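Worksheet for the structure shown next.
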Amino acid sequence: MKRVYVHTFGCQMNDYDSGKIRALLETDGYEPTEEIEQADLIVVNTCSIREKAEDKLHGFLGRARAIKRRRGAADAEDRVLLAVAGCVAQQEGEALRTRYKDLDMVFGPDAVSRVVEIVRQAAHEPVVDTAFLDAEDYVFADQLDPRAASQVGAFVTIQKGCDNKCTFCIVPATRGAELSRPADQILAEVRALADRGVREITLIGQNVNSYGLKVPGERTFAQLLYAVAEVPGVERIRFTTSHPRDMGPDVVQAFRDLPQLCSHLHLPVQSGSDAVLRRMKRFYTRDRYLALVDELRQARPDLALTTDFILGFPGETDRDFEDTLDLMAAVRFHNSFSFAYSPRPGTPALTLLDRGQEVPADVALARLQRLQARQRQLSVEANQAMVGGVFPVLVEGWSRHDEGVVCGRTGSFKMINFPGDPSLFGQVVEVVVTRAFANSLKGEQARLAG
Ligand code: SAH
Ligand code: SF4
Ligand code: F3S
């Protein structure tokens, strides 16, 4: 039996693709391993969203190459095969092979469903596969990640690619055009996962709210949510990522109607300044975003919102930054991911840099730190407001820190640790919150009244 080690950088889409890579290779006799030293095939699934993400690949390849060289001659039958997959592979293609002669395979996200053929071919000659497929030829693999059976939650992809052109973003170049996966396939995968004991489904795509709109007769995203909610065994539904422009009233309504839909929404805003949003080509205003937040909270008063911010986007002034801080406080996000703007190859925002609109790195960093400090306060306050309350928690497994302590998430996506045992794994239990930190909670199982 040959062994495959898959290392994943990047977003939920890559995480999911890595699961498909493991699943497909399993059908060809490869057993997944967590030990890179024991692998016959090493796959690194890469991300290029920011320069730092791309740098991680180079660190990893240095290590992987050393293992490969130690394990045998480059022309031996049983040599270790080394593959780069994902967004950097798509972006760099052949150039990666030029830089790293030891690479046997470079393949992009569209090639995932062909991974078995690619690996077979690579045993004889190096393979570079970065072709984007036409919609008719694209295959959403339906094999399940072998890890899914032991997990309480799983991702299910509903679309690939992205048709937006946010000017900072590399994703349209690395993942190609948006394509919605047929709803019947999505529902079949959800049912298969629920049959294996998965309790929480997270529907994923770069812009889930535009699901189905370009396919005549396909369900809309809201209709898909209602259909998933009917699958027996699915206790919780989440989805990511939502673009504020495309979030329609029917999805807001779903937060009223569907108890399975968790009270958490990740709604990336990027900036609180209309001028910056315009240059990012996000196609919503600060007021529209705030109005949407109001509508969502009317539908689901306990909705916990999280977001993404980019600081130091070209032309961002102190005033723009104050507007962002102001919006952050107005919404009271429970958490946020914030990044200094990183110029990406071939993206439209580069022309703003050419026009001299670059924000100096130290200014961007200072803004980032101020925003993150403010977020920590907001997160602690949001979590402290939960102390004393009782919340249903889906138990995921042992806590990483203490013996006899289990962990899970509230509907609002807060990680909570509390004393428990394995009989609780995969169950939803009522937990009273006893302590709050910036990034997690502590609690105790609530005693039933009576
Ligand atoms: N599809 C999602 C986002 C995917 S990328 C959406 O539309 O919101 C995840 C996050 O990375 C983005 O929300 C953005 O905040 C950040 N990001 C993307 N490109 C970036 C860049 N060039 N520099 C810094 N951050 C970036
Ligand atoms: Fe990138 Fe914008 Fe598409 Fe998100 S919606 S993946 S930020 S282009
Ligand atoms: Fe990174 Fe590609 Fe996801 S660039 S964020 S892995 S779509």
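This structure is a prediction, so every number in the text was calculated from the model and none was measured. Atoms within a ligand are numbered from 1 in the order they appear, just like the ligands themselves.
Numbered from 1 in the order shown, with element, the atoms of ligand 2 that lie under 4.0 Å from a heavy atom of Arg282 read 2 (Fe), 7 (S).
In this structure, Arg175 falls outside the shell of residues with a heavy atom less than 4.0 angstrom from ligand 2.
For the pair Lys160 and Phe140, the NZ or CZ position fails the cation-pi test of under 6.0 Å to the six-membered ring centre and within 45 degrees of the ring normal. With a 6.0 Å cutoff to the six-membered ring centre and a 45° limit on the axis angle, Arg50 counts as a cation-pi contact of Phe339. The cationic atom of Arg409 (NZ for Lys, CZ for Arg) lies less than 6.0 Å from the six-membered ring centre of Phe413 and within 45° of the ring axis.
Side chain of Thr130 to main chain of Gly108: no donor-acceptor pair is present (N/O by atom type, distance under 3.5 Å, no hydrogens or angles). With Arg196 contributing its side chain and Ala192 its backbone, the two residues share a donor-acceptor pair below 3.5 Å.
Within 4.0 Å of ligand 1, heavy atoms belong to protein residues Ile49, Arg50, Phe168, Gln206, Thr241, Pro268, Gln270, Arg282, Asp308, Ile310, Phe339, Ala340, Tyr341, Ser342, Arg344.
The aromatic ring centres of Phe155 and Tyr16 sit 6.0 Å or more apart.
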Show every donor-acceptor pair shorter than 3.5 Å between a side-chain atom in residues 23-32 and any protein atom, with sequence neighbours excluded, or say none if there are none.
from	atom 1	to	atom 2	distance (Å)
Thr27	OG1	Leu24	O	2.4
Asp28	OD1	Arg120	NH2	2.5
Asp28	OD2	Arg120	NE	3.4

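Of all protein N/O/S atoms, those lying under 2.8 Å from atom 3 (Fe) of ligand 3 come to 1. The number of protein N, O or S atoms lying under 2.8 Å from atom 3 (Fe) of ligand 2 is 1.
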